[in-house]
Amino acid sequence: MDVSGSVPPAEGGGPKAPAAAPLAYEGVWRFTAPAVEESVPQARRAVRDLLGRQGVPAHQDLVYSLLLIVSELVTNSVRHAALLSPEVAVEVAIGREWVRVAVEDNHPYRPKALEADFGQTGGRGLLLVREITLESGGVCDVEHTSTGGKVIWAALPLTAPTPAG
C-alpha cells in the first residue's frame with residue numbers, strides 16, 4: 001500500500017487575520033492499493049493506525065464509524081469498479097474539528113444510496129454510510145473526478161453531536 005501525506009497549505013491569498021497554527025494531528029494523507037479484497041482490511045488498518053499515530057482526539061465511536069465507512073467504500077470499489085479501476089485510493093483529511101475519509105476509483109458510475117430492500121442480502125453499503133454519517137452529525141457525497149472516475153466521501157465532526165432535547 002503506497003502512502004503519502006502532508007499538512008494542508010494555507011487557503012487563499014491576500015491579507016487575513018493570523019490563523020491559528022495547524023494542530024499536530026491536522027493534515028491530508030492518501031493511501032493507494034490494488035482493487036482486490038485484501039485491500040479492504042489493509043485500508044481499514046491504515047486509517048486506524050494513522051488516527052492513532054497523529055494523536056487525533058477522536059472518541060471510540062467516531063473511530064469505529066470511520067473504519068466502517070472506509071470498509072464499505074473500499075469494498076464497493078473492489079466489487080464494482082475493479083475492472084475499470086485496478087487501483088483504489090483512500091484519502092484521510094483531518095482538520096481541527098472534523099475528519100474526512102474519501103475513496104476514489106476510476107469507474108464513471110456514480111452510485112446512489114438505495115433504500116433498504118429487506119429481501120436482498122446486499123446492496124446496503126451506501127445506505128449504511130449515509131446513516132452513520134448523519135447520525136454522527138456529518139455529511140457525505142459522491143462527486144465526479146477530473147479523470148472521469150468518482151470519489152465518495154464522508155466528513156464527521158470530532159465532537160459527538162449533542163442529543164436533541
Side-chain angles (χ1 to χ4, degrees), residues 1-9 25-56 58-95 98-158:
M1 182 174 284
D2 295 325
V3 179
S4 63
S6 67
V7 173
Y25 60 80
E26 290 183 89
V28 178
W29 294 264
R30 186 173 178 90
F31 310 91
T32 58
V36 295
E37 287 186 26
E38 292 81 9
S39 294
V40 177
Q42 288 176 350
R44 189 173 50 244
R45 279 191 302 275
V47 171
R48 183 198 62 215
D49 293 349
L50 173 67
L51 295 172
R53 186 173 60 249
Q54 292 305 117
V56 177
H59 54 88
Q60 191 172 24
D61 287 344
L62 174 67
V63 173
Y64 289 154
S65 294
L66 288 167
L67 298 179
L68 181 56
I69 289 169
V70 167
S71 291
E72 289 295 333
L73 296 181
V74 173
T75 297
N76 281 354
S77 285
V78 167
R79 286 189 181 162
H80 304 294
L83 285 176
L84 295 178
S85 183
E87 187 174 77
V88 60
V90 177
E91 185 174 278
V92 181
I94 306 168
W98 50 267
V99 178
R100 178 184 186 264
V101 292
V103 174
E104 180 179 339
D105 63 50
N106 290 323
H107 197 289
Y109 175 69
R110 184 177 170 170
K112 295 176 178 34
L114 303 175
E115 295 301 319
D117 177 353
F118 296 105
Q120 292 185 341
T121 58
R124 294 188 188 94
L126 290 179
L127 177 64
L128 181 62
V129 167
R130 185 184 73 192
E131 293 305 313
I132 290 170
T133 301
L134 293 175
E135 184 176 294
S136 299
V139 293
C140 60
D141 202 1
V142 180
E143 299 172 355
H144 289 287
T145 64
S146 61
T147 59
K150 68 182 165 302
V151 60
I152 305 175
W153 59 269
L156 285 74
L158 284 174

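All heavy atoms count here, side chains included; hydrogens, waters and symmetry mates do not.
Under the side chain to side chain contact (heavy atoms under 4.5 Å, CB included) rule, I69 has a single partner from L128, V103, I132, V74, which is I132.
Expressed to the nearest 0.5 Å, how far CD of E131 lies from SG of C140 amounts to 9.0 Å. For the atom pair CD of E72 and CG of L127, the computed distance is 10.0 Å after rounding to the nearest 0.5 Å. Rounded to the nearest 0.5 Å, atoms OG (S136) and CG (D61) are 8.0 Å apart. Atom OH of Y64 is separated from atom NE2 of H59 by 12.5 Å, given to the nearest 0.5 angstrom. Rounding to the nearest 0.5 angstrom, the gap separating the CD1 atom in I152 from the CD atom in E143 is 10.5 Å. In this structure, CG in L126 is found 6.5 Å from CG in L73, a value given to the nearest 0.5 Å.
Between L158 and G95 the shortest heavy-atom distance is CD1-O, 3.8 Å. A pairwise comparison of heavy atoms in P108 and L84 identifies CD-CD1, 3.9 Å as the closest pair. Smallest separation of non-hydrogen atoms from A102 and V151: CB-CG2, 3.7 Å. Closest heavy-atom contact between A35 and S85: CB-O, 3.4 Å. In plain terms, the two heavy atoms of L67 and R44 that are nearest each other are CD2-O, 3.4 Å. Here the closest non-hydrogen pair linking V78 and A82 is O-CB, 3.3 Å.
The shortest side-chain heavy-atom distance between L156 and V139 does not fall under the 4.5 Å cut-off. Residues I94 and L51 are in side-chain contact: their nearest non-hydrogen atoms beyond the backbone lie under 4.5 Å apart. No side-chain heavy atom of V70 sits under 4.5 Å from any side-chain heavy atom of F31. Proximity of W29 to V47: side-chain heavy atoms (C-beta onward) are nowhere separated by under 4.5 Å.
For the residue pair D105 / S77, a side-chain donor-acceptor distance below 3.5 Å is found, with atom types taken as modelled.
Judged purely by atom type and a 3.5 angstrom limit, T133 has no side-chain atom pairing as donor or acceptor with the backbone of G138.
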